[in-house]
Amino acid sequence: MENPAQKDRQLPKKYNPGEVEDRIYRFWEEGGYFHAVPHGKSSKDPDPDKTPYTIVIPPPNITGELHMGHALDNTLQDILIRWRRMQGYEALWLPGTDHASIATEAKIVEALAKEGIKKEDLGRKGFLERAWAWKERYGSRIISQLKKLGSSCDWERERFTMDEGCSRAVREVFVRLYEKGLIYRGERIINWCTTCHTSISDAEVEFEETDSVFYHLRYPLADGSGYLELATTRPETMLGDTAVAVHPDDERYAAFVGRNVILPIVNKEIPVIADTYVEMDFGTGVVKITPAHDTNDFEVGLRHNLPAVTVIDDRGYMNELAGKYQGMSIMECRKAIVKELEEQGYLIKTEPIRHNVGLCYRCGTVVEPRISLQWFVKMKPLAAPAIEAVKKGETRFVPERFEKVYFHWLENIKDWCISRQLWWGHRIPAWYCSDCGETIVSRKDPDKCPKCGSAKLAQDEDVLDTWFSSALWPFSTLGWPDKTPELEYFYPTSTLVTGYDIIFFWVVRMMFSGLEQMGQVPFRTVFIHGLVRDALGRKMSKSLGNGIDPLEIIKEYGADALRFTLATGNSPGNDMRFTYEKVEAYRNFANKIWNAARFILLNIGDSEVELSLPDVLEIEDKWILSRLNSLAAEVTENLEKFELGIAVQKLYDFIWDNFCDWYIELSKPRLQGEKADSARRVLVYVMTGILKLLHPFMPFITEEIWQSLPHQGETLMKSDWPVYQESLNFPAEEREMERIMEAIRAIRNRRAEMNVPPSRKAPVFIETAFADTFRRGKIFFERLAWASSVEIGAGFDIDGAVSIVTADATIKIPMRELVDKDAERARLNREKENAKKQLDSVLARLNNPSFVEKAPAEVVRSAREEAERLREKLSLLEQSLAGLS
RNA sequence: GGACGUUUAGCUCAGCUGGGAGAGCAUCUGCUUGACGUGCAGAGGGUCAGCGGUUCAAGUCCGUUAACGUCCACCA
């Protein structure tokens, strides 16, 4: 590949992400660097032992635009995949999109409505044509948006939940489960959305606390001996009541059980039954039972063999069994019925009540429980292995606490309603024979009934829940049901990255599907993240209009700044707030690195720079190399623990503080002298190390800089991840540099307190027990502590000097005109008091026998050292005070 | 009703397996130091929600209370 960066080694003063990002992304894509292949199959494989690292993308819906949730999710995935790729894994990030059955269909219906067309006008075939056109248009849009983020997906392997392969997998799974008796069709009470006009699963119902009215009704006893009082929030369903229930232990009503009451208005006799489902102390302790329109009542109905009378139709209107109320909407009917009950004296009273109402998670319509003929997956047998696998640690959650949520859901799971009365989706592969009534479920479309031979077959009209196909994603995308090399090599996948909000929808379903079909968990680790909220902590939503468009942020601040923002300042599983201040801070950080690179390039000029380290290293070289070495270890360690935020923080601190504020400054005087060459080599070496460690987080700017610097190889994204090397560990030099840096900081501090401008340079006299160290660091004082000269010795007697005391040295700076002896004395005394207090506290610990006895030797030793340092400092302070008078 | 999370500097949040509190932003003071003012050098600011316990040692572990938040359940 052509090196895409500027050739002239001159970078502009400000980093301009807009100019860089698209170019770099194209370079990667054209280079084929995102592509991953199975290893170990062929003898010609140059790298047969390469270990796979696999992530399958949570496929974004083709309805959607990239939002902050996607940006977070995909940033985390890209960080992991880029890091593992650099570590030498065969890293596959498999991308794709989801057909999102119900959501997409709703969008298309909405678009059609604007043209004044109903989907029925188009017919199934015509509608599906529109849907595929939609998919072509919006499916590619979201993909291009993912690219803007820098996602290093293997686009050659892009999949779609309704493409041929995935559809084949869906059909195969359906047939297998059916043949095993794990998929069945039956009349059950299900959640019905009267707007989407389809069934939805339990997971798709959202509950919301709602203010409502509790109507107390009077149901007269059939024998005229009195009445029972009961309460309901849904009086219109009384038209479908087939019993009244009380608790079997409720003495108040024991005498009524087995007798009949007359259903008001309908004037029908219905029995009084006893069932433990009734709560004695809620309401009046009497419940009307409407098996056709309430989930619990349905269960009661089954236990007591009650008939179910459906009075509401699939559009939310009263049907013919509702008598004169037929044709009214639920709310209209409620009003009318309450009026009539009141007129006839059946309404005792009303009271306000706050209770939960189930809403459709797509459109927010109140969900109607409804009896209907649907397809279900029998969950108990599938849930058990999924629970077991996590208990055995075959899959683990990060953070671990989400395992509890996972277990709770699976342990209480009910059968999964998978049929949807929609057109966009995988059509259920079931046919019904209109002659003998046989149901045929098969891998191939049947042309005649296997039982009676009739050709009058009709395919089930429904499609599958969109999550049915998503559940197969980790293996359907790798070629299953065929035994492809990809499937063998990349499955089970390594890490699944997703938000806690779709654990139920997706994670559990992938788990049991993977275990059932593949016999192995679909992924080793589930890395859960939280939600991105707005600056006020509110969920970003369309209706609130508080959403922040990631693409706008990328345009203004750059993808790297956005990624850094999302990767930092938050711990796994927790929500985070998005603020412009944060992105701005990381935009500044990117610019900081950019300018560090500029500095290096400026100093390289035309000279050739060796990529290896020089043979002779200075103290500051060893210090920064040693720090970089530990940084590599720390970043790696935290990535392994999925503590991306901590890894980011360490990188940030090292780059800004150690490298830019110290090492680069320290290198400046050297770059003017004989040791310039070795300085350049160390600068390039450290910068390269930084770029590597930072690359997973900020891929664009790091690649751009890397290409500009002297380098080896084609692309940073394929370079080796830095590993800790014992040969680069220099603890002694680190300590020495610390002494020097402490002294420099102390001088700066004093000068700032006295408001001495940098332009006012002054000689510095250092008295220290570490003369060698300070001699090596002499030049740094001139540069970083504005010293006009540096002398290291003992017993300097300077009249009117400022004394600065560290644990290792006393520094004297003659600034007679600025020194007020009394103030100086007071300050030194303050410092003395301070040091004394600290010393006392350390001594208190050391004088405690149980501390010395029980604390680890390491801790005791460092306490002793601390005490020693403080004693030293105290004595130096004493001397300075004595010298003052 | 059950489970979980959060509570640390003015604001937003880190602080991993207990060893003596950090960052960014904001505030204040200096700075035309030849990479960067999207910058440099400094400063101020915290009884780590309350209470109790374990420990030589607690922001960190245990218990408890409170406030806020989330999920599950669904008492009609």
Side-chain angles (χ1 to χ4, degrees), chain A residues 11 13-15 207 214 230-234 237 245 277-290 294-297 300 353 355-358 399 401-402 404-405 408-409 412 500-501 503-504 530-531 535 537 557 561 568-571 573-582 584-603 637-638 641 643 645-646 648-649 652-653 660-661 664-665 668 672 745 748-759 783-786 841-842 845 848-856 858-860 862-863 866:
Chain A
L11 304 179
K13 208 166 167 179
K14 278 184 189 172
Y15 173 57
F207 288 94
F214 213 25
L230 53 80
T232 179
T233 51
R234 300 204 51 192
T237 63
Y277 150 69
V278 181
E279 295 280 331
M280 282 190 271
D281 41 13
F282 185 80
T284 60
V286 184
V287 188
K288 62 192 253 334
I289 300 296
T290 323
D294 183 279
T295 313
N296 290 308
D297 292 6
V300 175
I353 186 172
H355 67 148
N356 273 330
V357 174
R401 68 182 131 96
F402 288 103
K404 216 166 175 170
V405 180
H408 185 258
W409 172 265
N412 296 289
Y500 59 69
D501 51 334
I503 292 176
F504 306 132
L531 265 40
Y557 299 93
T568 191
N570 124 288
S571 42
N574 287 357
D575 291 353
M576 64 186 305
R577 294 185 195 203
F578 186 94
T579 61
Y580 284 90
E581 290 75 21
K582 243 191 259 179
E584 207 171 298
Y586 294 121
R587 188 267 323 260
N588 294 352
F589 177 60
N591 197 54
K592 185 76 182 172
I593 300 160
W594 185 255
N595 277 289
R598 265 186 78 216
F599 170 80
I600 294 171
L601 287 170
L602 240 46
N603 280 288
E637 196 182 308
N638 281 294
K641 289 191 292 188
E643 289 285 358
I646 297 177
V648 157
Q649 197 55 51
Y652 184 96
D653 290 344
C660 291
D661 288 346
I664 286 186
E665 293 305 321
K668 282 178 180 172
Q672 310 307 319
R745 283 193 206 102
R748 286 168 168 177
N749 194 319
R750 278 301 287 138
R751 291 180 56 120
E753 275 176 22
M754 300 191 308
N755 279 331
V756 184
S759 52
R783 176 86 207 169
L784 302 180
W786 308 286
S841 131
V842 179
R845 247 184 301 159
N848 181 346
S850 40
F851 171 73
V852 182
E853 201 180 306
K854 291 180 183 168
E858 170 66 27
V859 173
V860 178
S862 88
E866 177 71 10

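Just so you know, these numbers use all the heavy atoms, side chains as well, and skip hydrogens, waters and symmetry mates. Order of the sequence lines fixes the chain letters, A, B, ..., with proteins taken first and strands second; residue numbering starts at 1 for each chain.
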Give every pair of a protein N or O atom and an N or O atom of nucleotides 17-21 of chain B that lie under 3.5 Å apart, one pair per line with the distance.
{"residue": "B/G20", "atom": "N7", "partner": "A/R845", "partner atom": "NH1", "Å": "2.9"}

Comparing A/V852 with A/K288, nearest RNA chain B nucleotide closer to 5' gives the residue A/V852
If you pin A/R745 and A/I646 to their nearest nucleotides in RNA chain B, which one's is more 5'? A/I646
How are the rings of A/W594 and A/Y15 set to each other: parallel, tilted or perpendicular (split at 30° and 60°)? tilted
Does [X] make a side-chain N or O approach to OP1 or OP2 of [N] shorter than 4.0 Å?
X	N	value
A/N638	B/C16	no
A/N749	B/A43	yes
A/T233	B/A76	no
A/R587	B/U38	no

Remember a base hit wins even if backbone is also touched, and classify [X] as base, sugar-phosphate or nothing at under 4.0 Å, heavy atoms.
X	result
A/N356	base
A/Q672	base
A/Y277	base
A/F589	nothing
A/E279	base
A/T290	nothing

Round to the nearest Å and state the distance from [X] atom [atom1] to [N] atom [atom2].
X	N	atom1	atom2	result
A/F504	B/U70	CZ	C1'	11 Å
A/H355	B/G1	NE2	C1'	17 Å
A/F214	B/C75	CZ	C1'	8 Å
A/Y652	B/U38	OH	P	14 Å

A/K288 and A/T237: CA distance, side-chain angles, deciding distance, side chain to side chain donor-acceptor pair (under 3.5 Å) verdict: CA-CA 9 Å; A/K288 62 192 253 334; A/T237 63; 2.6 Å; yes
Residues that A/Y652 engages under ring-ring contact (aromatic ring centres under 6.0 Å, His included), provided they are two or more places apart: A/Y586, A/F589, A/W656
Rounded to the nearest 0.5 Å, what separation is found between the CZ atom of A/F599 and the CD atom of A/E665? 7.5 Å
Out of curiosity, A/I646 CD1 to A/K641 NZ, how far, rounded to the nearest 0.5 Å? 6.5 Å
For RNA chain B, which consecutive runs of 3 or more Watson-Crick or G-U pairs (each distance under 3.5 Å) count as stems? B:1-7 with B:66-72, B:10-13 with B:22-25, B:27-31 with B:39-43, B:49-53 with B:61-65
Is there side-chain contact between A/V287 and A/F282, with heavy atoms separated by less than 4.5 Å? no
Using a 4.5 Å cut-off on heavy atoms from C-beta on, say whether the side chain of A/K592 contacts that of A/D661. yes
What string of B, S and - do you get for nucleotides 2-12 of chain B, 5' to 3', when a contact is any protein heavy atom under 4.0 Å? -SSS------S
Kindly write out the residues that satisfy salt bridge (charged side-chain N to carboxylate O under 4.0 Å, His left out) with A/E858, not counting sequence neighbours, or none if the list is empty. A/R861
Check nucleotides 35-37 of chain B for protein N or O atoms closer than 3.5 Å to its own N or O atoms and list the pairs.
{"residue": "B/A35", "atom": "OP1", "partner": "A/K668", "partner atom": "NZ", "Å": "3.1"}
{"residue": "B/A35", "atom": "O2'", "partner": "A/N595", "partner atom": "OD1", "Å": "2.7"}
{"residue": "B/A35", "atom": "O2'", "partner": "A/R598", "partner atom": "NH1", "Å": "2.8"}
{"residue": "B/A35", "atom": "N7", "partner": "A/K668", "partner atom": "NZ", "Å": "3.2"}
{"residue": "B/A35", "atom": "N6", "partner": "A/C660", "partner atom": "O", "Å": "3.1"}
{"residue": "B/A35", "atom": "N6", "partner": "A/E665", "partner atom": "OE2", "Å": "3.2"}
{"residue": "B/A35", "atom": "N3", "partner": "A/N595", "partner atom": "O", "Å": "3.1"}
{"residue": "B/A35", "atom": "N3", "partner": "A/A596", "partner atom": "N", "Å": "3.2"}
{"residue": "B/C36", "atom": "O4'", "partner": "A/N595", "partner atom": "OD1", "Å": "3.0"}
{"residue": "B/C36", "atom": "O2'", "partner": "A/N591", "partner atom": "ND2", "Å": "3.4"}
{"residue": "B/C36", "atom": "O2", "partner": "A/K592", "partner atom": "NZ", "Å": "3.1"}
{"residue": "B/C36", "atom": "N3", "partner": "A/K592", "partner atom": "NZ", "Å": "2.8"}

